[in-house]
Student: 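Below you will find the structure I want to go over with you.
What you see is a predicted model, and the numbers here were worked out from it, not measured in a lab. Whatever order the structure lists them in is the order used to number ligands and atoms, beginning at 1.
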Amino acid sequence: MSNNPDVLIIGAGLAGLSCARHLADSGISFQIIEASDGIGGRVRTDEHEGFLLDRGFQVLFTAYPEALRTLDYHALDLKKFTPGAFSWFAGRMNQLVDPWRTPGGWRVALESDFGTIWDKLRISRLRSRLRRSSIEQLFQRPESSTKEFLTSMGFSDHFIHRFFRPFFGGILLDGELRSSSRMFEFVFKMLSEGDTAVPACGMGAIPAQIASHLPDDSIRLNALVEALHENEVTLAGGEVLTARAIVVAADGPSAAHLVGEAEPASRSVTCFYYSADEPPLPHPTIVLNGDGAGPVNNFAVMSHVAPSYAPAGKSLIAASVLGMQQLTEQQLGGFIIAQMKNWFGPVARSWSYLKSYRIPHAQPQQFPGALEPAQRPVRIRPGIYLCGDHRDHASIHGAMVSGRRAAEAVLADLAR
Ligand SMILES: Cc1cc2nc3c(=O)[nH]c(=O)nc-3n(C[C@H](O)[C@H](O)[C@H](O)COP(=O)(O)OP(=O)(O)OC[C@H]3O[C@@H](n4cnc5c(N)ncnc54)[C@H](O)[C@@H]3O)c2cc1C
């Protein structure tokens with residue numbers, strides 16, 4: 001670890017690690033100061049009784065340009081979800097096939113009663129427009145809430161309620177689809193251009209791979225930065241560290257506290273993990289709450305996607321509940337199992353509870369206006385820089401891009 005690094009980076013999430021990687025590639029010395037006991041920030045995986053539990057259900061869209069540019073997908077041994085989804089409504093599971101990526105899918109899609117023929121045509125038109133547009137163009141388009149956008153496109157209320165609301169609500173952590181239509185269009189584009197996947201060793205393998213490119217001992221864990229001044233930071237306990245540049249790569253609320261800005265509002269989520277002797281569904285597909293009854297918004301048998309997520313003979317189930325829940329673990333767990341019994345029958349009562357994660361700040365809120373401009377400045381004050389998903393947008397891609405942007409700003413300023 002360098003005693004007098006050129007740059008101090010506060011936070012070892014994807015933004016901080018990406019910033020560090022760009023600095024390392026340019027031969028600039030740095031030290032990352034991380035408050036918690038590990039790297040990855042919101043993208044971490046715990047080993048628990050032989051299961052791999054991501055800290056909240058989360059996935060990598062392989063089309064993310066920054067991930068494509070930076071990560072070695074082969075080494076991550078990515079395991080893919082089957083395109084499409086199941087949605088529970090009208091008292092049964094309904095399959096939404098992705099006709100572009102499912103052999104024979106067009107016939108199934110056109111014959112299914114999941115949405116009207118007009119919904120299917122509108123999806124097709126939207127998909128081709130988004131594939132023709134660049135990400136930069138999408139983030140400059142006029143915006144509204146996702147719900148208003150979908151309604152203005154002519155999608156039926158049924159289709160919005162049974163598919164878009166739980167599917168994109170689960171990704172944007174926003175069951176009311178109030179998030180910016182720019183975010184919706186970006187996610188839709190990513191979904192149509194690549195796969196949805198998790199690394200065989202869990203989502204934590206993504207930050208671990210970035211960190212593997214950094215010099216040994218360049219990350220200091222269990223060190224909370226309490227205060228920030230020009231060219232110096234003060235750790236809890238009073239230790240003072242100095243550098244030519246300081247990059248705050250903390251989550252939005254912590255960063256706001258450090259640099260004296262207003263805190264961004266948060267989107268919250270709770271994820272319950274269960275072990276089952278038999279998988280309740282034979283497909284590695286996301287299952288959606290299409291009728292809106294019960295707490296679970298989306299559900300997946302993670303061990304179908306990546307068998308390494310569960311020990312032999314067991315299945316790992318992830319059930320996500322949006323928002324901050326006031327209920328105790330036991331109360332919420334009771335409602336979840338009651339809902340799952342409705343979906344999968346009495347077998348749901350035999351599932352063993354493993355662990356749950358409540359994440360108050362899972363993503364910054366991104367209502368219309370929050371992404372204007374799409375890329376917020378990374379230079380805050382002389383010598384102080386800011387990166388994180390709150391600078392670009394809430395995604396693995398957004399966090400990584402912001403880290404690169406901060407590194408580019410630091411490199412340009414240090415070279416002066
Ligand atoms: C449950 C969940 C599901 C998600 N699903 C997806 C998904 O499917 N696809 C997708 O693309 N994105 C998803 N996201 C969003 C994505 O994970 C985040 O946008 C991204 O990881 C943010 O990275 P970051 O580096 O900006 O912040 P963080 O990951 O929050 O990293 C910030 C780091 O700074 C540290 N820190 C904070 N304050 C201090 C301090 N004072 N001193 C020292 N260290 C400090 C923190 O401990 C943390 O390690 C999800 C997020 C969650 C939580």
Student: Please enumerate all residues that pass side chain to side chain donor-acceptor pair (under 3.5 Å) together with Asp46, with sequence neighbours excluded.
Tutor: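 Only Arg55, Tyr357 meet the side chain to side chain donor-acceptor pair (under 3.5 Å) criterion with Asp46.
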
Student: Note down each nitrogen or oxygen pair, ligand 1 side and protein side, whose separation is under 3.5 Å; give only atom names and the distance to 0.1 Å.
Tutor:
| residue | atom | partner | partner atom | Å |
| --- | --- | --- | --- | --- |
| ligand 1 | 8 (O) | Val59 | N | 2.9 |
| ligand 1 | 8 (O) | Val59 | O | 3.2 |
| ligand 1 | 9 (N) | Val59 | O | 3.0 |
| ligand 1 | 11 (O) | Tyr64 | OH | 2.6 |
| ligand 1 | 11 (O) | Ile396 | N | 2.8 |
| ligand 1 | 19 (O) | Asp389 | OD2 | 2.7 |
| ligand 1 | 19 (O) | Ser395 | N | 3.4 |
| ligand 1 | 25 (O) | Leu14 | N | 3.1 |
| ligand 1 | 25 (O) | Ala15 | N | 2.9 |
| ligand 1 | 26 (O) | Asp389 | N | 2.9 |
| ligand 1 | 27 (O) | Arg42 | NH2 | 3.0 |
| ligand 1 | 29 (O) | Arg42 | N | 2.8 |
| ligand 1 | 30 (O) | Arg42 | NE | 2.8 |
| ligand 1 | 30 (O) | Arg42 | NH2 | 3.1 |
| ligand 1 | 41 (N) | Val225 | O | 2.9 |
| ligand 1 | 42 (N) | Val225 | N | 3.0 |
| ligand 1 | 44 (N) | Ala35 | N | 3.1 |
| ligand 1 | 47 (O) | Glu34 | OE2 | 2.6 |
| ligand 1 | 49 (O) | Glu34 | OE1 | 2.7 |
| ligand 1 | 49 (O) | Glu34 | OE2 | 3.1 |

Student: Excluding sequence neighbours, so at least two apart, what forms side chain to side chain contact (heavy atoms under 4.5 Å, CB included) with Ser152?
Tutor: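 None.
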
Student: Quick one: which of Arg376, Arg182, Arg405, Arg404 gives a salt bridge (Lys or Arg N to Asp or Glu O under 4.0 Å) with Asp392?
Tutor: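 Exactly one option meets the salt bridge (Lys or Arg N to Asp or Glu O under 4.0 Å) with Asp392, and it is Arg405.
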
Student: Sequence neighbours left out, cut at 3.5 Å: what donor-acceptor pairs do the side chains of residues 199-206 make with other protein atoms?
Tutor:
none

Student: Using the six-membered ring of Phe89, assess whether NZ or CZ of Arg162 lies under 6.0 Å from its centre and within 45 degrees of the ring axis.
Tutor: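 Output yes; distance and angle both within limits.
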
Student: Going by distance alone, is a donor N or O of one side chain under 3.5 Å from an acceptor N or O of the other, for Thr242 and Asn231?
Tutor: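 No, no side-chain donor-acceptor pair sits under 3.5 Å.
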
